[in-house]
Protein chains: 2
Amino acid sequence: MNEQEKNTEEEILDAASRIFQKKGMSGARMQEIADEAGINKSLLHYYYRSKDKLFLSVFRQAVKNLIPGIRNILFTDMPLFDKLDRFIREYMGVLLGNPFLPMFILHELQRDPDRLFKEFQKAGIEPSRILHQFEQSMEKGEMRRISPRHLMINVLSLCVFPVAARPMMQRFLFDNDAEAYQAFLNERADVVSEFVINAIRP
Amino acid sequence: MNEQEKNTEEEILDAASRIFQKKGMSGARMQEIADEAGINKSLLHYYYRSKDKLFLSVFRQAVKNLIPGIRNILFTDMPLFDKLDRFIREYMGVLLGNPFLPMFILHELQRDPDRLFKEFQKAGIEPSRILHQFEQSMEKGEMRRISPRHLMINVLSLCVFPVAARPMMQRFLFDNDAEAYQAFLNERADVVSEFVINAIRP
DNA sequence: AAGTAGTTTAACCATTTGGTCAAATATAAA
DNA sequence: TTTATATTTGACCAAATGGTTAAACTACTT
């Protein structure tokens with residue numbers, strides 16, 4: 001019973017996650033989510049009181065999936081290039097395991113930035129530490145001079161964009177060949193890591 | 001009269017563009033668009049028969065804004081590094097002039113990929129030419145070896161992502177300081193150009 | 001067996017939303 | 001001025017949508 005409850009509740013959350021990620025908050029229909037979960041629409045309201053609450057639960061879960069692996073790496077003591085390499089690999093891994101997350105988060109954050117960004121702050125990621133390490137490495141001459149924030153965004157861009165823009169890029173550069181694009185994404189960690197390190201090697 | 005018509009029709013398109021870009025197709029309401037244009041809702045249906053048709057007009061216009069400046073550069077004969085530099089500058093310029101376009105296009109393309117991608121094909125962008133130039137430059141030893149497609153996506157990523165992910169990044173890296181982020185974006189063309197060229201210089 | 005609390009469903013409701021239509025208004029041609 | 005045509009509006013409609021409720025069902029306790 002408690003098992004069944006967990007199952008239903010979780011099944012709803014998974015179904016809602018799939019629908020929300022595909023269609024966004026406003027594009028998703030409660031009936032659609034209920035169908036996807038194989039249950040009655042009223043059950044959605046029984047477990048999560050409103051569409052808004054259900055959405056927030058999904059969004060929180062999404063943030064949870066995206067954040068924690070990364071934090072460990074950023075907070076570890078490690079030579080810069082090693083850390084960059086490990087971060088890129090870890091981050092690409094998370095993205096490939098949740099390919100719809102980036103667009104989902106970016107789009108919903110545009111819809112309701114302040115409220116949803118708070119969910120991120122709860123996860124407690126602090127960029128200042130890694131930005132500081134960038135500066136130190138520059139002072140020590142271990143890397144070229146570049147604005148730490150630009151470098152940070154460069155790394156994120158190179159990882160996130162190819163996953164988020166897949167529907168566009170797969171068609172644009174790969175003739176809509178899904179397998180080819182998947183292979184392409186699987187090479188990405190190597191390519192990005194090499195690209196970034198080449199760009200900043202002194 | 002014909003003037004007034006053009007004015008009304010265009011005013012509607014502009015209003016619709018603003019609303020659609022902010023809220024997406026499914027998040028936008030016809031009434032909201034009518035209000036934004038300062039007219040009656042029926043007028044929307046008088047000029048554009050349905051929401052879907054109105055959306056398609058907006059999307060087409062968006063593609064038009066995004067594409068043409070770029071094509072010229074890609075099709076020009078120029079040394080590789082110069083071409084990359086000019087492309088990055090031109091592309092960043094277009095993006096900064098239409099900051100909501102990227103997310104709009106990416107999100108809507110995820111909703112209805114095949115139909116909307118055709119609108120791009122009409123614009124007639126052909127990646128094969130620039131990919132080919134990448135290969136030739138590698139053979140001549142003018143640049144490091146890297147998969148042309150990866151390089152292409154790297155450049156696009158570095159330009160598009162910081163604009164598309166602004167609501168996230170401005171808060172994450174800049175304490176939600178809008179002016180600081182704008183300044184950051186204005187430096188981008190320089191930074192990206194240098195970053196890319198450093199990464200591939202032999 | 002009966003009671004109790006949690007779970008699920010079908011029927012229903014109020015509001016929103018895209019869309020229609022006939023009437024009204026402006027515009028230009030005759 | 002009259003006539004024809006294009007533009008604009010307000011009232012209205014049917015469908016979709018998020019949400020409610022009372023009843024039915026289940027499982028567990030006594």
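So you know, we letter chains A, B, ... as the sequences are listed, proteins then strands, and number each from 1. Being a predicted model, the structure only gives us computed values, none of them experimental.
- Summarising the geometry, the separation between CG on L54(B) and P on dT17(C) is reported as 16 Å, rounded to the nearest angstrom.
- In this structure, the CD1 atom of I39(B) is 13 Å from the P atom of dT7(D), given to the nearest Å.
- Rounded to whole Å, atom C1' of dT9(D) lies 13 Å from atom OH of Y47(B).
- Residue A34(B) is out of contact with every strand shown, counting any heavy-atom pair closer than 4.0 Å.
- Both the sub-6.0 Å distance and the 45° axial angle are satisfied by R111(A) relative to the ring of F55(A).
- Looking at S42(B), its side chain comes within 3.5 Å of the base of dT20(C) through a donor and an acceptor atom.
- At dA6(D), none of the side-chain N or O atoms of Y46(B) fall inside 4.0 Å of OP1 or OP2 (strictly under the cut-off).
- Side-chain rings of F87(B) and Y91(B) approach one another, their centers coming within less than 6.0 Å.
- To the nearest angstrom, P of dG18(D) lies 14 Å from CZ of F55(A).
- Aromatic ring orientation, Y181(B) versus F184(B): tilted (interplanar angle from 30° to 60°).
- Nearest to the side chain of R29(B), among dG19(D), dT7(C), dG18(C), sits dG18(C).
- Within 3.5 Å, no donor on the side chain of K51(B) pairs with an acceptor on the base of dG19(C), nor the reverse.
- We find that CG of D35(A) is positioned 12 Å from P of dG18(D), with the value rounded to whole Å.
- Rounding to whole angstrom units, CG of residue N7(B) and C1' of dT7(D) are separated by 14 Å.
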Does the pair Q61(A) and N65(A) meet the rule for a side-chain hydrogen bond (donor to acceptor under 3.5 Å, both in side chains), with working shown? CA-CA 6 Å; Q61(A) 197 205 35; N65(A) 285 343; 4.7 Å; no
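- To the nearest angstrom, P of dA11(D) lies 13 Å from CD of Q31(B).
- Between the CG atom of L43(A) and the C1' atom of dT7(C) there is a distance of 7 Å, given to the nearest Å.
- On a pure distance criterion of 3.5 Å, no polar donor-acceptor pair joins the side chain of S50(A) and the base of dG18(D).
- Using a 4.5 Å cut-off on side-chain heavy atoms (C-beta onward), L56(B) and L116(B) make contact.
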